[in-house]
Amino acid sequence: MYLELKKRLEVRLRDVLKASYDLSLESIPVETPPELEFGELATPVAFELARKLRKAPRVIAQEIAAALGPLDGFVSFEVAGAGYINARLDRNGGVRMVAGGESLATAAGVVHALVEHTSINPNKAAHIGHLRNAILGDTFVRLLRAAGQKVDVQNYIDNTGVQVADVVVGFLHVEGKSAADVRALLDDLKRKGERIDYFCWDLYAKTSQWYTNGTDAENEARKKLRYRTLHELEQGNHETAEIAELISTAVLRRHLETMVRLGIEYDFLPRESEILHLDFWALAFAQLKQTGVLYFENEGKNKGCWVMTRPGAETADGETDEDAKVIVRSNGTVTYVGKDIAYHLWKFGLLGKDFGYKPFFTYPSHVCWISSEKGEEPHPHFGGAQAIYNVIDSRQSDPQANVIQALRGMGHAEQADRYTHFSYEMVALTPRCAEELGYEVAEEDRGRPYIEVSGRKGFGVKADDLIDKLIGATRAEVDARQTGRDEAERQRIAEQIAIGALRYFMLKFTRNSVIAFDFKDALSFEGETGPYIQYAVVRARNIFRKAGLTPDGVLRDFSGTDAGGYLAAEGCEDIWALWLRAGRRTLVLEQCIATAEPAYLAKHAFQLAQEFNNFYHKHHILTEEDPARKILLLATAAVALRELVAVLAWLGIESPEAM
RNA sequence: GCGCCCGUAGCUCAGCUGGAUAGAGCGACUGACUACGAAUCAGUAGGCCGGAGGUUCGAAUCCUUCCGGGCGCACCA
């Protein structure tokens, strides 16, 4: 409702400005006033025009206000303060709009978007930092889909990188295992129900240490081993590559299982091994040279490399750009950014080559495919998107900017504009949390607000451990409250609440705020948390259960009544405010997508729950004696319930039946 | 040294892209349960929005500059 009426008012304002002053403003500010007494919508546009028209803002406001009405959905336009124009809505009409349920008309044609998220190196267990990535990405996918976009979800797998190489070195040279031994280990762990990603977590940390804890000569040899292993992985057809394949695939499967617990699913898993073996780079290299984005450096420190100019860099003609980004090394190998450029050409359908595809993981509703040199037929097609979103932490903003710059330089300006680095800050641990986990905190770190997690050091909170802990805590609460329900039901509810708590916790912070993780905050179920919102849903559901009514039925009955009198009545402002809040969903959705910021929706969900809880406390519905008033109260609860469930679903949070 | 991000209540964070009196949660203190289930609600205390200049009708928000913190700046990924 809010979105629609706001747009209607903007259009009318535009018309009035054109007709009265022959002015066309680029954008017309329409906002929500701080208090309901100022109306439901307001514009300070008169202030902006004061200088241009050489009139007092208040006079202009009066002229505009007089010319605005009548407008469907609005009852009045008033001038207030020094020159605000406050719009009052037709409350009965507004309530009808909200009660009717709002369709999300996507005016523009369907956009094909591609969201890449999670992308954990398949050499260790997922940790809380990865959870933030996956939850942000998955939620954004839900938002895009809610807005009617066609979205492919990709999880990029770097299975030939240095991190996987390190674990392979660990198996071969630290543990002294062969490929056959690794195979046996995988079977053994599977039989015992143990997690291979946890095993690798420890081995990765151990191997990282091993590189530096020998004599100088030993360390030197170990480093060489590391780079030889990396090289063998990239080449393939070697025992190291075989171990890498075994391990990275097993760990990847575990990551997918962890994410399923959070309701997170993928459509396609492109792997770096295929980008290498299918030689995506050759095609990209040709395009990069042909468009002049890459040039061969003959001078300076990058002599013998193919390089590109960094975004914003300026070098005088004839001078060597020492700061240029190396894409092809002097030994002929390609850097990470180079491979990424090729991959992103593919994402936009500009490469002229495709992956092979094989099914990899089955969800109840669909199959997740993985890249393969020789794929299966038939298979779905991925890539060729119109807009892409890369959920990658903010530390990688430089390489991301390089890829965008390359696309632009190659003449793909439109694609470069629709390339969003969906960046977010890391999840770190508070020093107290680190100590709780048994890590030694260095003296100089004690005073810091947070300490960065490190897979290399094995320092961090594993995702599955956190989820297990959350479920344990919610289960204890549910067991205490839901004594009448059976074991399976209580477990189900506990899981819904635990996941709700975790997802909300990761979404309540805006993207560029560092999360200093602490168990106390993450395990909290009161106040601004997922369970608070879920609890509001349960309360609303209980009203209908107790009354023997359905929300839909109530809204049908309500549609024939006139609630205007009650909504305008003294002491009922809170009811109208709740309807207004309920009517903001599409506006908030639009805002979230435009700014790539899911936190706004999380905040909206909380505010809606808060207003509902207020309403719930103030008006006792089932004992209301005035039938007309009772139907309004019931309809209010029905709308709040419907909106809460819908918004929670967009956040990937389930609404329990009881809690 | 250069680039990006962040300094808002004791703590953790919002602040709708420059608007009306700066908000919420937690924590502290006071109160409200024989249930539309208190995982809730009401109330109190708590702020020179890091400092200083500027831009304008108007600044937590934009610009400049300092202070304090974080992260990047490889022929690593």
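Numbers restart at 1 for each chain; the letters A, B, ... are given by sequence-line order, proteins then strands.
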J.: Separation of Tyr600(A) atom OH from G15(B) atom C1', in whole Å?
T.: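 Checked: the OH to C1' distance equals 9 Å.
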
J.: If you assign Leu622(A) and Glu477(A) each to the RNA chain B nucleotide with the nearest heavy atom, which residue ends up on the more 5' nucleotide?
T.: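 It is Leu622(A), whose closest nucleotide lies nearer the 5' terminus.
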
J.: Measuring from the side chain of Pro33(A) (C-beta onward, heavy atoms only), which nucleotide among G25(B), A39(B), A20(B) has the closest atom?
T.: A20(B)

J.: Could you pick out which residue, Phe47(A) or Glu234(A), lies toward the 5' side of RNA chain B when each is mapped onto its nearest nucleotide?
T.: Phe47(A)

J.: Pick the C1' atom in A9(B) and in U44(B), then give their distance to the nearest Å.
T.: 14 Å

J.: Given the side-chain rings of Phe38(A) and Tyr84(A), with only the six-membered ring counted for Trp, is the space between their centroids under 6.0 Å?
T.: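 Ring centroids of Phe38(A) and Tyr84(A) are no less than 6.0 Å from each other.
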
J.: Between the base of C75(B) and the side chain of Ser330(A), is one N or O donor paired with an acceptor at under 3.5 angstrom?
T.: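 Looking at the base of C75(B), it does pair with a donor or acceptor on the side chain of Ser330(A) (distance under 3.5 Å).
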
J.: How close or far is atom P of G37(B) from atom CE of Met659(A), stated in whole angstroms?
T.: 13 Å

J.: Quick check for you: to the nearest 0.5 Å, what is the distance between Ile533(A) atom CD1 and Leu608(A) atom CG?
T.: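 Here the interatomic distance stands at 9.0 Å.
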
J.: For C36(B), does either OP1 or OP2 sit under 4.0 Å from a side-chain N or O belonging to Arg545(A)?
T.: no

J.: Taking the six-membered ring of Phe519(A) (Phe, Tyr or Trp), confirm whether the NZ or CZ of Lys469(A) is under 6.0 Å from its centre and within 45° of its axis.
T.: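 Yes, a cation-pi geometry.
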
J.: What's the CZ-C1' distance between Arg432(A) and C26(B), to the nearest Å?
T.: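 In whole Å, C26(B) C1' lies 12 Å from Arg432(A) CZ.
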
J.: With respect to the phosphate group of C75(B), does any side-chain polar atom (N or O) of Asn331(A) fall under 4.0 Å of OP1 or OP2?
T.: no

J.: Taking the C1' atom in each of C5(B) and U30(B), what is the distance between them to the nearest angstrom?
T.: 42 Å

J.: Roughly how far, to the nearest 0.5 Å, is the NE2 atom of His277(A) from the CD atom of Glu234(A)?
T.: 8.5 Å

J.: Is a side-chain donor or acceptor of Arg132(A) paired with a backbone partner of Asp393(A) at a separation under 3.5 angstrom?
T.: no

J.: Which heavy-atom pair separates Leu502(A) from Leu470(A) by the least distance, and what is that distance?
T.: CB-CD1, 3.7 Å

J.: For G46(B) and G69(B), measure between their P atoms and round to the nearest Å.
T.: 31 Å

J.: If I take atom CZ in residue Arg58(A) and atom P in nucleotide A20(B), what distance separates them, rounded to the nearest angstrom?
T.: 17 Å

J.: When the C1' atoms of C75(B) and G68(B) are compared, how many Å lie between them, rounded to an integer?
T.: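 That atom pair is separated by 36 Å.
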
J.: Rounded to the nearest 0.5 Å, what separates atom CD in Glu624(A) from atom NZ in Lys630(A)?
T.: 8.0 Å

J.: Determine whether a donor-acceptor pair (one donor, one acceptor, N or O, separation below 3.5 Å) exists between the side chain of Asn86(A) and the base of A20(B).
T.: yes

J.: Need one value for Pro34(A): base, sugar-phosphate or nothing, where a base atom within 4.0 Å counts as base even if backbone is also close, heavy atoms only.
T.: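 Base: the residue Pro34(A), judged by heavy atoms under 4.0 Å, touches a nucleobase.
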
J.: Arg539(A) side chain N/O closer than 4.0 Å to the phosphate oxygens (OP1, OP2) of A38(B)?
T.: yes

J.: Give a yes/no verdict on a cation-pi contact between Arg222(A) and Tyr211(A), requiring under 6.0 Å between NZ or CZ and the six-membered ring centre and an angle within 45° of the axis.
T.: no

J.: In whole Å, what is the span from the CZ atom of Phe509(A) to the C1' atom of C26(B)?
T.: 11 Å

J.: Taking the minimum atom-to-atom distance to the side chain of Tyr535(A), which one of C16(B), A39(B), A42(B) wins?
T.: A39(B)

J.: Between A42(B) and G50(B), how far apart are the P atoms? Round to whole Å, please.
T.: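 Rounded to whole Å, the distance is 29 Å.
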
J.: Starting at atom OH of Tyr227(A), determine the distance to atom C1' of A74(B), rounded to an integer number of angstrom.
T.: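 Checked: the OH to C1' distance equals 11 Å.
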
J.: Distance check: side-chain N/O of Gln610(A) vs OP1/OP2 of G25(B), anything under 4.0 Å?
T.: yes

J.: Between protein and nucleic acid, restricted to nucleotides 4-11 of chain B and to nitrogen or oxygen atoms under 3.5 Å apart, what atom pairs and distances do you find?
T.:
| residue | atom | partner | partner atom | Å |
| --- | --- | --- | --- | --- |
| C6(B) | OP1 | Asn512(A) | ND2 | 3.4 |

J.: For the base of A20(B) and the side-chain ring of Tyr84(A), does the geometry meet a stacking cutoff of under 5.5 Å between centres and under 30° between planes?
T.: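 The base of A20(B) is stacked with Tyr84(A) (centres under 5.5 Å, planes under 30°).
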
J.: Check whether Asp158(A) reaches the backbone of Gly161(A) with its side chain - one donor and one acceptor, N or O, closer than 3.5 Å.
T.: yes

J.: OP1, OP2 of G69(B) versus side-chain N and O of Tyr450(A): anything below 4.0 Å?
T.: no

J.: May I ask whether His620(A) stacks on the base of C36(B), given the cut-offs of 5.5 Å between ring centres and 30° between planes?
T.: yes

J.: What does the 5'-to-3' dot-bracket notation of RNA chain B look like when only Watson-Crick and G-U wobble pairs under 3.5 Å count, and pairs to other strands show as |?
T.: (((((.(..((((.....[...)))).(((((.......))))).....(((((..]....)))))).)))))....

J.: Nearest 0.5 angstrom please: Leu429(A) CG to Glu436(A) CD, how far?
T.: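 Those atoms lie 10.0 Å apart.
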
J.: Could you tell me whether Val537(A) contacts a base, only the sugar-phosphate backbone, or nothing, with contacts defined as non-hydrogen atoms closer than 4.0 Å?
T.: nothing

J.: Does any N or O in the side chain of Gln534(A) come within less than 3.5 Å of the main-chain N or O of Glu654(A), such that one atom is a donor and the other an acceptor?
T.: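 Checking the backbone N and O of Glu654(A) against the side chain of Gln534(A), a donor-acceptor pair under 3.5 Å is found.
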
